[in-house]
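Inspection log for the structure reproduced underneath, given as structure tokens.
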Amino acid sequence: MTDAVTFATRVLARKPHPLPSAVAAALADAFLAADAWTKNQLIDAGAFVMGARRRWLVPLVSEVMSAFVRPPADAPRLLTSVILRSPDFREAVRKADERRSPLRIHHHVVRPSTSPDVGGVLPSIDGIPDLASLLDLDIGQLQWFADTKHWNRRARPGPLHHYRYEWRTRPGRVPRLLEVPEQRLRRAQRTLLSSLLALIPANDAAHGFIPGRSAATGAARHVASDAVISLDLTTFFARVAAARVYGTLRQSGYSESVAHTITGLCTNAVPPRVLAAMPSGGSPDERFALRRALAASHLPQGAPSSPMLANLAIRRLDSRLSGWADAAGATYTRYADDLAFSGSGVFAKRPDAFIRGVRRIIEDEGHSANPRKTRVRRQGVRQTVTGIVVNQRVNVSRADYDRLKATIHNCVVHGPQTQNHRGIDDFRAHLLGRISWVESLNAQRGGRVRQEFARIRW
């Protein structure tokens, strides 16, 4: 799908087995985001959501256009109900269930926004019943998942816990905790992401987890600079407290009860038993800071809603750092917890003074920068931003390109099964993704590895 979503917000979908109602809602959003209410445009929009042009999309689109002469922009739920009742859609769901391969949503498409204050038409949620309806939950289930009283944190280990915890050790560094929500909570968080959070604008400096922006778009802002400074925020998600999330939702116009419940759905406080099992790594001060952040309600690393909420919750930090960079004639971007600054003149001559100012702002906003990951790179050396070379143009690093080229060559010579060392389920798609990334940065290099890829015997 190309033209149909030129001006739409696109969100990559990662949910493997969505409910038919979720599929219908995703199709409705895509149809309403199409450039024109025509058969071809709607079919392309549906194909983008489903990942391929399905046969049943053609009669479904015909039925939708018969029901609506013009796009029902103010009635997306009505359009969703028409799709759900469509015989062709119901038959597609039935056949998918028979094959034990449910329909998948490959991309969410969110309609562009026109609201002058928040940059978009956010869904109208006047109270808890509306929020429960949006998430396809009853009020009791909604309150259970929101867990605003922190019952889960104090409960004994068991199947009713909302999160699964995995400690990841890192040599010489403080360990990282993955907080993976259980399936039903994850479904609600994904719905919030696609239906609400993606419509709230982030700061222009943010390039991570935002449709239409990427590591490449952020790196492109720093090309051909005299100096590039990079910093890294420590325990990024854990440092975003529930109060910041609540404030963001209140600023977007939601009532106290709605903002409080959404905050509960998207934040978590880690049980003491999990904190007590923290593996070794890091200094005592770092471990204490991490334990304190995780014990309070924070954005869990592992929830689908956390990346976008983190972008929204630290908009003030982005604004202050953008202002500090502008005053020094520099450029600022952020990709998740990676901060990048670039410029010339006074900025390049006195990077230490500039970095001290950046650290003051970061600490004032409740975060901290990792001193071991602070770098100053001048034109005489390889300058990188989020792993992308930016000396003269955005480019893939030679080391990454050589590794990919060697892997593909070995697949040709010895077979792809000999190179799948990590046991990736769809190794072919994995390699194609890496090739596409190289092509987006350097079309010539990408073309060469793609030609070599075509020689692999699968």
CZ of R213 to OG1 of T333: how many Å apart, nearest 0.5 Å?
-> 11.0 Å
Determine the minimum heavy-atom distance between I435 and G446, stating which atoms define it.
-> CG2-O, 4.0 Å
Examine distances only and state if a side-chain atom of R375 and a backbone atom of Q383 form a donor-acceptor pair shorter than 3.5 Å.
-> no
How long is the span from the CG atom in L135 to the CZ atom in R184, to the nearest 0.5 Å?
-> 13.5 Å
Point-to-point distance, once rounded to the nearest 0.5 Å, from OG of S194 to CD of Q189 = 12.0 Å
Could you go through the salt bridge (Lys or Arg N to Asp or Glu O under 4.0 Å) check for D364 and R360 one step at a time?
-> CA-CA 6 Å; D364 190 46; R360 283 195 298 269; over 6 Å; no
Main-chain N/O of D126 paired to D130 side chain as donor or acceptor, under 3.5 Å | yes
Can you check whether L294 reaches E179 side chain to side chain, under 4.5 Å on heavy atoms?
-> yes
Return yes when atom CD of Q417 has more than 12 non-hydrogen atoms of other residues, nucleotides or ligands closer than 6.0 Å, and no otherwise.
-> yes
So which heavy atom on R170 is nearest to which on P175, and how close?
-> NH2-O, 4.2 Å
Any idea which heavy atoms bring Y335 and S214 closest together, and the distance?
-> CE1-C, 3.9 Å
To the nearest 0.5 angstrom, please state how far the CG atom of L312 sits from the CG atom of L249.
-> 8.0 Å
Test item: W167 side-chain N/O and L178 main-chain N/O as donor-acceptor pair under 3.5 Å | no
So, S225 side chain and H222 main chain: donor-acceptor pair closer than 3.5 Å or not?
-> yes
Give a yes or no on whether H260 atom NE2 has more than 12 heavy-atom contacts from other residues, nucleotides or ligands under 6.0 Å away.
-> no
Got a donor-acceptor contact below 3.5 angstrom from the Q419 side chain to the C411 backbone?
-> no
Can you tell me if H161 uses its side chain to pair, donor with acceptor, with the backbone of R156 under 3.5 Å?
-> yes
ring-ring contact (aromatic ring centres under 6.0 Å, His included): which pairs involve residues 125-159, sequence neighbours left out?
-> W144-H162, F145-H162
Got S230 and V385 here, is their nearest side-chain heavy-atom distance under 4.5 Å?
-> no
For A259, does its backbone N or O pair with a side-chain atom of R250 as donor and acceptor, under 3.5 Å?
-> no
Could you walk me through whether M278 and R287 pass side-chain contact (heavy atoms from CB on, under 4.5 Å), step by step?
-> CA-CA 9 Å; M278 180 190 296; R287 294 172 62 81; 3.6 Å; yes
Do L185 and Y163 come within less than 4.5 Å of each other through their side chains, counting heavy atoms only?
-> yes
Step by step, would you call N203 with N311 a side-chain contact (heavy atoms from CB on, under 4.5 Å)?
-> CA-CA 8 Å; N203 189 280; N311 281 335; over 6 Å; no
Which atoms form the tightest heavy-atom contact between R221 and T217, and what is the distance?
-> CG-O, 3.6 Å
Nearest heavy-atom contact between V394 and A219 is CG1-C, 4.1 Å
Tell me, yes or no, whether the heavy-atom count around R154 atom CZ, taken from other residues, nucleotides or ligands under 6.0 Å, exceeds 12.
-> yes
Sequence-distant partners of F347, ring-ring contact (aromatic ring centres under 6.0 Å, His included), two or more places apart | F354
Note, T234 side chain near E286 side chain (heavy atom, < 4.5 Å) = no
Going by distance alone, is a donor N or O of one side chain under 3.5 Å from an acceptor N or O of the other, for R359 and T374?
-> yes
Looking at side-chain heavy atoms only, is the closest gap between P271 and N152 below 4.5 Å?
-> no
Whether T235 side chain and A238 backbone form a donor-acceptor pair below 3.5 Å = no
Parallel under 30°, tilted from 30 to 60°, perpendicular over 60°: which one fits the rings of F209 and F237?
-> tilted
Rounded to the nearest 0.5 Å, what separation is found between the NE2 atom of H298 and the OG atom of S306?
-> 8.0 Å
Any side-chain heavy-atom pair of D138 and L142 under 4.5 Å | no
Ignoring hydrogens and angles, state whether a donor on the side chain of N268 or S297 is under 3.5 Å from an acceptor on the partner side chain.
-> no
Evaluate the criterion side-chain contact (heavy atoms from CB on, under 4.5 Å) for residue pair N395 and R445; output intermediate values, then yes/no.
-> CA-CA 10 Å; N395 202 352; R445 285 183 172 179; 4.0 Å; yes
Candidate list R316, R315, R239, test salt bridge (Lys or Arg N to Asp or Glu O under 4.0 Å), partner E365, passing option | R316
Side-chain touch P181/P300, heavy atoms, less than 4.5 angstrom | no
Salt bridge or not for R356 and D352, using N-O below 4.0 Å?
-> no
Sub-3.5 Å donor-acceptor pair from the side chain of R273 to the main-chain atoms of A277, do we have one?
-> no
Report yes or no: does N410 contribute a side-chain atom to a donor-acceptor pair with the main-chain N or O of A406 at less than 3.5 Å?
-> yes
Pair D318 + R334, salt bridge at N-O below 4.0 Å = yes
Quick one: which residue pairs count as a ring-ring contact (aromatic ring centres under 6.0 Å, His included) with a foot in residues 406-457, not counting sequence neighbours?
-> F427-H430, F453-W458
From Q379 atom CD to S344 atom OG, the distance as rounded to the nearest 0.5 Å = 8.5 Å
Closest heavy-atom contact between A295 and L275?
-> CB-CD1, 3.8 Å
Pairwise side-chain contact, V389 with R382, heavy-atom cut-off 4.5 Å (strictly under) = yes
Ring centroid separation for F48 and H107, is it under 6.0 angstrom?
-> yes
Answer yes when R450 and E452 have at least one side-chain N-carboxylate O distance shorter than 4.0 Å, and no when they do not.
-> no
